[in-house]
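What follows is a set of notes on a single structure, which appears directly below.
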Amino acid sequence: MAPPRSFLWARRVFLTLLTGFVLLPVYVMVSSSLKPLADVSGTFRWLPSGLTIRPYIDIWSTVPLAKYFVNSLIVAGAATVCSVVIAVFAAYAVSRYDFRGKRVFTVTVLSTQMFPGILFLLPLFLLYVNIGNATGIALFGSRGGLILTYLTFSLPFSIWMLIGYFDSVPRDLDEAALVDGCGPLGALFRVVVPAAVPGIVAVAVYAFMTAWGEVLFASVMTNDTTRTLAVGLQGYSTLNDVYWNQIMAASLVVSVPVVAGFLLLQRYLVAGLTAGAVK
């Protein structure tokens, strides 16, 4: 039975308004990034009087954006790889084996998501400083310390998500692999992991996006050498002026990796996030 015409028109109007609401900020960012600073600092005009690509050139010299870009890639990439590798082993053990404290472990992993991140800021800061003073291992102000910090947030959710996905993979596949001569690790990497690619990709995208755009810990745990993009963008605001056109241009540039990765892995991401919803 076809829906009534009033419903179709109402849906079209709603989707049109929603599309405009989503695309309006994007248009403001793009148009502002192509304007001279004088035009951006004045009254906003929907149609720019002149266009220039100078802001996209100046963003690399106003602040060391390339260095911040490399720091973010290293930190986000390392945090993503560590989250995926550790979560795969932990989730597989919880999903396939029974051991004492299994329920306590899963509840503890999930309960860590209840607390706000700012609650751990001061304890981690003091912990890193004390470790550095006692052992000489520089965690505060280093990329390694920031990677460990991001693991405390992305890893629990990654484990919990992969547990549900591994539970949806039939155990018969593991048993068939064991019969064919594979060990537990062989069954994991040759059978279970290929079947769980959508869930693993979803975990990787979540871990990367969490580390890529995080501001709170990056503003405290880094210095001028290890600063990431999320904090480095503040450099376009000085005591004398705010380079709004460069801020918009830099924001668009740093969004490219996340947007491109999301578009390339969209079908895996959707499949991974909906895993276990229907059995």
Side-chain angles (χ1 to χ4, degrees), residues 25 29 33 56 58-87 112-133 135-159 161 202-239 242-244 246-262:
M29 290 182 63
S33 67
Y56 287 91
D58 293 338
I59 58 175
W60 305 99
S61 57
T62 303
V63 301
L65 189 64
K67 182 175 67 174
Y68 300 157
F69 209 101
V70 172
N71 290 336
S72 292
L73 283 177
I74 294 175
V75 171
T80 301
V81 172
C82 293
S83 294
V84 171
V85 172
I86 298 174
T112 57
Q113 304 300 303
M114 299 170 53
F115 303 99
I118 195 173
L119 187 66
F120 302 99
L121 180 59
L122 183 59
L124 284 175
F125 171 80
L126 295 177
L127 181 64
Y128 287 176
V129 172
N130 290 330
I131 290 177
N133 294 334
T135 64
I137 300 176
L139 292 178
F140 175 75
S142 66
R143 296 168 179 167
L146 196 59
I147 292 170
L148 289 176
T149 301
Y150 290 156
L151 282 177
T152 61
F153 299 101
S154 61
L155 189 56
F157 180 81
S158 301
I159 294 174
M161 185 174 178
V203 167
V205 172
Y206 166 79
F208 185 86
M209 293 181 64
T210 300
W212 186 263
E214 202 279 328
V215 177
L216 176 62
F217 286 90
S219 61
V220 177
M221 298 293 186
T222 60
N223 52 33
D224 293 338
T225 304
T226 59
R227 189 164 295 158
T228 59
L229 283 171
V231 182
L233 292 180
Q234 299 176 3
Y236 294 104
S237 177
T238 65
L239 295 176
V242 179
Y243 301 97
W244 290 110
Q246 296 186 37
I247 292 177
M248 297 301 176
S251 299
L252 290 173
V253 170
V254 302
S255 301
V256 170
V258 176
V259 174
F262 180 82

(message) For the CD1 atom on Ile118, are there more than 12 heavy atoms of other groups (residues, nucleotides or ligands in this structure) within a distance under 6.0 Å?
(response) no
(message) So if I apply the side chain to side chain donor-acceptor pair (under 3.5 Å) rule between Thr226 and each of Asp224, Thr228, Asn223, which one comes out positive?
(response) Asn223
(message) Once rounded to the nearest 0.5 Å, what's the spacing between atom CZ of Arg143 and atom OG1 of Thr222?
(response) 11.5 Å
(message) Please report the interatomic distance OG(Ser142) to CG(Leu148), rounded to the nearest 0.5 Å.
(response) 8.0 Å
(request) Could you tell me whether a side-chain N or O of Ser237 sits under 3.5 Å from a main-chain N or O of Gln234, the two making a donor and an acceptor? (result) no
(request) Evaluate the side-chain proximity of Val242 to Tyr236: yes if any heavy-atom separation is below 4.5 Å, no if none is. (result) no
(message) Suppose we screen for ring pair (Phe, Tyr, Trp, His ring centres under 6.0 Å). Which residues come up paired with Phe125, at least two apart in sequence or across chains?
(response) Phe140
(request) In sequence, state the C-alpha distance, the side-chain angles, and the governing distance for Tyr56 and Ser33, and then conclude on side-chain hydrogen bond (donor to acceptor under 3.5 Å, both in side chains). (result) CA-CA 8 Å; Tyr56 287 91; Ser33 67; 2.7 Å; yes
(message) Using side-chain heavy atoms (C-beta onward) and a distance below 4.5 Å, is Val129 in contact with Leu127?
(response) no
(request) Enter the distance from Leu216:CG to Met221:CE here, rounded to the nearest 0.5 Å. (result) 8.5 Å
(request) Check whether any side-chain heavy atom of Phe157 sits under 4.5 Å from a side-chain heavy atom of Val203, and report yes or no. (result) no
(message) If I take atom CG from residue Leu229 and atom CG from residue Leu73, how far apart are they, to the nearest 0.5 angstrom?
(response) 7.5 Å
(message) Tell me every residue that passes ring pair (Phe, Tyr, Trp, His ring centres under 6.0 Å) with Phe69, counting only those two or more places apart in sequence or in another chain.
(response) Trp212
(request) Inspect the surroundings of CE in Met29 and state if more than 12 heavy atoms from other residues, nucleotides or ligands are less than 6.0 Å away. (result) yes
(request) Would you check if there is a donor-acceptor pair between the side chains of Asn71 and Arg227 at a distance under 3.5 Å? (result) no
(message) If we count only N and O atoms by modelled type, under 3.5 Å, do the side chains of Ser61 and Asp58 hold a donor and an acceptor together?
(response) no
(message) Leu124 vs Leu126, test: side chain to side chain contact (heavy atoms under 4.5 Å, CB included). Steps then yes/no.
(response) CA-CA 5 Å; Leu124 284 175; Leu126 295 177; over 6 Å; no
(message) Strictly by side-chain hydrogen bond (donor to acceptor under 3.5 Å, both in side chains), give each pair with a member in residues 145-158 just once, sequence neighbours left out.
(response) Ser83-Ser154, Tyr128-Thr149, Tyr150-Glu214
(request) Drop me the distance from Gln246's CD to Leu65's CG, to the nearest 0.5 angstrom. (result) 10.0 Å
(request) Measure the CG-CG distance between Leu146 and Leu151 for me, rounded to the nearest 0.5 Å. (result) 10.0 Å
(request) Please report the shortest heavy-atom distance between Ala76 and Ala211, naming the atom on each side. (result) CA-CB, 3.7 Å
(message) Restricting to side chain to side chain contact (heavy atoms under 4.5 Å, CB included), what partner residues turn up for Ala204, sequence neighbours left out?
(response) Thr80, Val84
Output a table of donor-acceptor pairs, distance under 3.5 Å, between side-chain atoms of residues 249-262 and any protein atom two or more places apart or on a different chain; print 'none' if there are none.
from   : atom 1 : to     : atom 2 : distance (Å)
Ser251 : OG     : Ile247 : O      : 2.7
Ser255 : OG     : Ser251 : O      : 2.6

(request) Could you pull out all residues at least two apart from Phe153 that satisfy ring pair (Phe, Tyr, Trp, His ring centres under 6.0 Å)? (result) Phe217
